[in-house]
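To start, the structure under review is shown below, and the notes come after it.
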Amino acid sequence: MKAAVFIEPGKVDVREVAKPQIQKPTDAIIRIVRACVCGSDLWWYRGITEREPNSLIGHEAIGIVETVGSAVDQVKPGDFVIVPFTHGCGHCSACLAGFDGDCLNKESGSNGGYQGEYLRYTNANWALVKIPGDPKSYSDAQLNSLLTLADVMATGYHAAISAEVKPGSTVVVMGDGAVGLCGVIAANLLGAKRIIAMSRHEQRQKLAREFGATDIVPERDDAAVERVMALTDQRGADAVLECVGSKQSIDTAIRVGHAGAVVGRVGLPQNAEVDTDYLFSRNIGLRGGIAAVTTHDRAVLLEAVLSGKINPGKVFTQRFDLDHIEEAYQAMDQRQAIKSLITVSAI
């Protein structure tokens, strides 16, 4: 089968590899229909973090169940599914608490293989999320929105839930990538009255407003804090969604909320340090981490997409086939695409 492989920083390729097989009773083999490139993939693509050469890549997909292990009875061959990156088992203490992103029974090592024709998926009985019907039941736009539920929409929602966004809240969203834009959607879905999106890119600003942002702040650092305070009559935000992971973003996020505000942090950390003395002095809460994808999809997000309440698939601004995976990464690395969609197989 064909699958995308990491070669070295700045280079990925498509190669013929062995088709995956069932290894455990809890496995399933998924035929991938659509996948995509994540902003977090860029850290190893740029050489900021390490990744094993010749390793399979990708961690977001939708697809069709092809075969299942003997312990899998909640999905069956032919089912159309969201393929979360989290692989929650559903019965450990983390999963039972609603944090399947921190599942105690997931396999160690980096996620990979979603950008390929077939994927071995672990903990398939609980973690996979069934979609009614089959891919032909949905429009192209709906398929794109369903694909976001494998990661970015669930991650943006996790930021909003972690930050305790409530109806009537004033919310600041740090980051205008796909996760930040999905954070805007999530804040709007949860009833925020005012959503301040931090962005300096026109295309992303426009999409943020379409998703529910009421204000755009292009400034950074002290100027950004001053601007948010001016917009909120010096009060600050009730909730802050940190969807970048850089030190600059974290430093700003903890300063734009009022006393007692909560920061929902989902940006992949990039050696970011937090001034805990500042958190203490202002009673600022800091929560978040790896998204509980299966939990959020089942509780809220799948139905929100199926009903048309949210349309997060608009974050895909360029599309490629698997043979052009290098161009898909380049488009995101060079900020030509908000998020690159990869069509893997026909529906």
In terms of side-chain geometry, is the basic nitrogen of [X] or [Y] positioned less than 4.0 Å from the acidic oxygen of its partner?
X: Arg31; Y: Glu117; answer: no
X: Lys247; Y: Asp251; answer: yes
X: Arg51; Y: Glu8; answer: no

Please collect all ring-ring contact (aromatic ring centres under 6.0 Å, His included) contacts where either partner lies in residues 3-35, sequence neighbours excluded, each pair once.
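Only Phe6-Trp44 qualify under ring-ring contact (aromatic ring centres under 6.0 Å, His included).
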What ring-ring contact (aromatic ring centres under 6.0 Å, His included) pairs are there with at least one residue in residues 295-316, not counting sequence neighbours?
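Residue pairs passing ring-ring contact (aromatic ring centres under 6.0 Å, His included), neighbours aside: Tyr157-His296, His158-His296.
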Those residues that, when tested against Ala71, pass side-chain contact (heavy atoms from CB on, under 4.5 Å) (two or more places apart)
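Per chain and number, Ala71 pairs via side-chain contact (heavy atoms from CB on, under 4.5 Å) with Pro25, Thr26.
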So, using side-chain contact (heavy atoms from CB on, under 4.5 Å) as the criterion, who are the partners of Arg15 when residues are at least two apart?
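Listed in chain order: Val5, Ile7, Asp13, Asn54.
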Would you say the side chains of [X] and [Y] form a donor-acceptor pair under 3.5 Å?
X: Asp176; Y: Gln205; value: no
X: Arg319; Y: Ser340; value: no
X: Glu107; Y: Thr122; value: no

Donor-acceptor pair, [X] side chain versus [Y] backbone, under 3.5 Å?
X: Glu219; Y: Val225; result: no
X: Gln142; Y: Ser139; result: yes
X: Asp100; Y: Val293; result: yes

Quick one: closest heavy-atom pair of [X] and [Y], and the distance?
X: Cys92; Y: Asn105; value: CB-ND2, 3.7 Å
X: Arg255; Y: Asp222; value: NH2-OD1, 2.9 Å
X: Ile82; Y: Asp297; value: CG2-OD2, 3.8 Å

How long is the straight-line distance from CG of Asp321 back to CG of Leu341, given to the nearest 0.5 Å?
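Separation between the atoms: 10.5 Å.
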Are [Y] and [X] linked, directly or through intermediate hydrophobic residues, by side-chain heavy-atom contacts shorter than 4.5 Å (ILVMFWY only)?
X: Tyr118; Y: Ile64; result: no
X: Tyr45; Y: Trp43; result: no
X: Leu306; Y: Val75; result: no

Quick test of your reading: applying side chain to side chain donor-acceptor pair (under 3.5 Å), list the pairs with at least one residue in residues 145-156, sequence neighbours left out, ordered by first then second residue.
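Listed by first then second residue: His59-Asp151, Asp151-Thr155.
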With a 3.5 Å cut-off and sequence neighbours excluded, list the donor-acceptor pairs that the side chains of residues 165-175 form with protein atoms.
residue: Lys166; atom: NZ; partner: Glu164; partner atom: O; Å: 3.3
residue: Ser169; atom: OG; partner: Lys166; partner atom: N; Å: 2.9
residue: Ser169; atom: OG; partner: Lys166; partner atom: O; Å: 2.7

Does anything in [range] form a salt bridge (Lys or Arg N to Asp or Glu O under 4.0 Å)? List the pairs, not counting sequence neighbours.
range: residues 61-75; result: Lys19-Glu66
range: residues 74-90; result: Lys76-Asp79
range: residues 337-347; result: Glu60-Lys339

Evaluate salt bridge (charged side-chain N to carboxylate O under 4.0 Å, His left out) for Glu16 paired with Lys2, printing each intermediate quantity in order.
CA-CA 5 Å; Glu16 285 291 332; Lys2 293 192 297 186; over 6 Å; no
For side chain to side chain contact (heavy atoms under 4.5 Å, CB included), just list the numbers for Ile250 and Val263, CA-CA rounded to whole Å, side-chain angles, deciding distance to a tenth of an Å, and then say yes or no.
CA-CA 9 Å; Ile250 291 288; Val263 176; 5.8 Å; no
Run the side-chain donor-acceptor check on residues 127-134: report pairs under 3.5 Å with partners two or more places apart or on a different chain.
residue: Lys130; atom: NZ; partner: Gln74; partner atom: O; Å: 3.3
residue: Asp134; atom: OD1; partner: Lys136; partner atom: N; Å: 2.9
residue: Asp134; atom: OD1; partner: Ser137; partner atom: N; Å: 3.2
residue: Asp134; atom: OD1; partner: Ser137; partner atom: OG; Å: 3.4

Scan the side chains in residues 277-290 for donor-acceptor partners under 3.5 Å anywhere in the protein, sequence neighbours excluded, and list what turns up.
residue: Ser281; atom: OG; partner: Asp277; partner atom: O; Å: 3.4
residue: Ser281; atom: OG; partner: Tyr278; partner atom: O; Å: 3.0
residue: Arg282; atom: NH2; partner: Gly257; partner atom: O; Å: 3.1

Can Arg34 and Leu143 be said to form a side chain to side chain contact (heavy atoms under 4.5 Å, CB included), step by step?
CA-CA 8 Å; Arg34 294 189 180 187; Leu143 290 173; 3.6 Å; yes
Residues two or more places apart in sequence or in another chain: which of them pass ring-ring contact (aromatic ring centres under 6.0 Å, His included) with Phe320?
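If we apply the ring-ring contact (aromatic ring centres under 6.0 Å, His included) test to Phe320, skipping adjacent residues, there are no hits.
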